[in-house]
Amino acid sequence: MGQDLEKVLVTEEQITTRLQEMGARIDADYAGRDLLIVGVLKGAVMVMADLARSLHSPVAMDWMAVSSYGAGTTSSGVVRILKDLETDIQDRDVLIVEDVIDSGLTLSWLVGNLKSRGPTSVEICTMVRKPLALDVDLDVRYIGFDLPDEFIVGYGLDYAEKYRNLPFIGTLAPHVYESD
Ligand code: IMP
Ligand code: MG
């Protein structure tokens, strides 16, 4: 995949180090509680797998898949549930785990949806936050990296369903987009 990449923004080592720090904070914040972490498919698969292994308490894990209606690559904020939780989250502490927050519209909707189910708490953990996300009223408790407004791939993030399996986060060379 090397020839398809432009630059590496976050290395595998930086991701590992950051996940240890985030895991330690989450362990401390939820000490003595019964945490459910919810991964948003498919992008959050990598961060869920690694974050979960950086935690030292036996958390429960569940998954949701949502699709955002809207033209092309822009998020509309109108969301449809493709796969719902299997867990009843009433009176549970829920931590949503995401790969990236860009417009934040999908996640604002998801937080509202989960809060309507009567949980004790709903917080957000994301590997990457982009600058647009600062414009929405979204309280993100755990952030891996604040990155500039560029299209990124790797560590779960895809371009046309590819490059999710890169172990680092980077940008694609222009020829990848041009050949489509
Ligand atoms: P939102 O704009 O915050 O609602 O983000 C919606 C979704 O767009 C994210 O969950 C990702 O799946 C996708 N996305 C946003 N920015 C990028 C990117 O730079 N690379 C790959 N996917 C992205
Ligand atoms: Mg996503």
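For ligands, and for the atoms within them, numbers begin at 1 and follow the listed sequence. Everything numeric in this text was worked out from a predicted model, so none of it was measured.
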| task | May I ask you to check whether I101 has an N/O atom sitting below 3.5 Å from an N/O atom of ligand 1? | result |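 No, there is no polar N/O contact under 3.5 Å.
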
Suppose I only count heavy atoms of [X] and a 4.0 Å limit; which atoms of ligand 1 are within that range?
X	answer
D158	21 (C)
I152	18 (C), 19 (O), 20 (N), 21 (C)
V100	9 (C), 10 (O), 11 (C), 14 (N), 15 (C), 23 (C)
S103	1 (P), 2 (O), 3 (O), 4 (O)
L105	4 (O)
E150	19 (O)
T106	1 (P), 4 (O), 6 (C)

| query | Can V94 and T87 be said to form a side-chain contact (heavy atoms from CB on, under 4.5 Å), step by step? | reply | CA-CA 11 Å; V94 178; T87 316; over 6 Å; no

| Taking non-hydrogen atoms only, is L157 closer than 4.0 angstrom to ligand 1 via side chain, backbone, both or neither? |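 The part of L157 near ligand 1 is the side chain, not the backbone.
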
| task | Say whether, by atom type as modelled, one donor and one acceptor occur between the side chain of S103 and the main chain of L105 under 3.5 angstrom. | result |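 Looks like yes, one N/O pair under 3.5 Å.
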
| message | Check whether S57 reaches the backbone of V59 with its side chain - one donor and one acceptor, N or O, closer than 3.5 Å. | response |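 No, S57 side chain to V59 backbone: no donor-acceptor pair under 3.5 Å.
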
Looking at ligand 1, would [X] count as a contact under a 4.0 Å heavy-atom criterion?
X	value
G104	yes
L107	no
V153	no

| task | Run through V122, D29, I26 and flag the one making a side-chain contact (heavy atoms from CB on, under 4.5 Å) with R141. | result |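 It is D29; the other options fail the test.
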
| M127: which of L19, I143, V100, V10 passes side-chain contact (heavy atoms from CB on, under 4.5 Å) |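 Filter result, single survivor: L19.
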
| Charged N-O contact under 4.0 Å between E150 and K7 |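 Yes.
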
| Heavy atoms, side chains only, cut-off 4.5 Å: are Q14 and I169 in contact? |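 SC-SC contact between Q14 and I169 ruled out.
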
| query | With a 3.5 Å cut-off and no angle check, do the side chains of Y155 and D99 form a donor-acceptor pair? | reply |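 No.
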
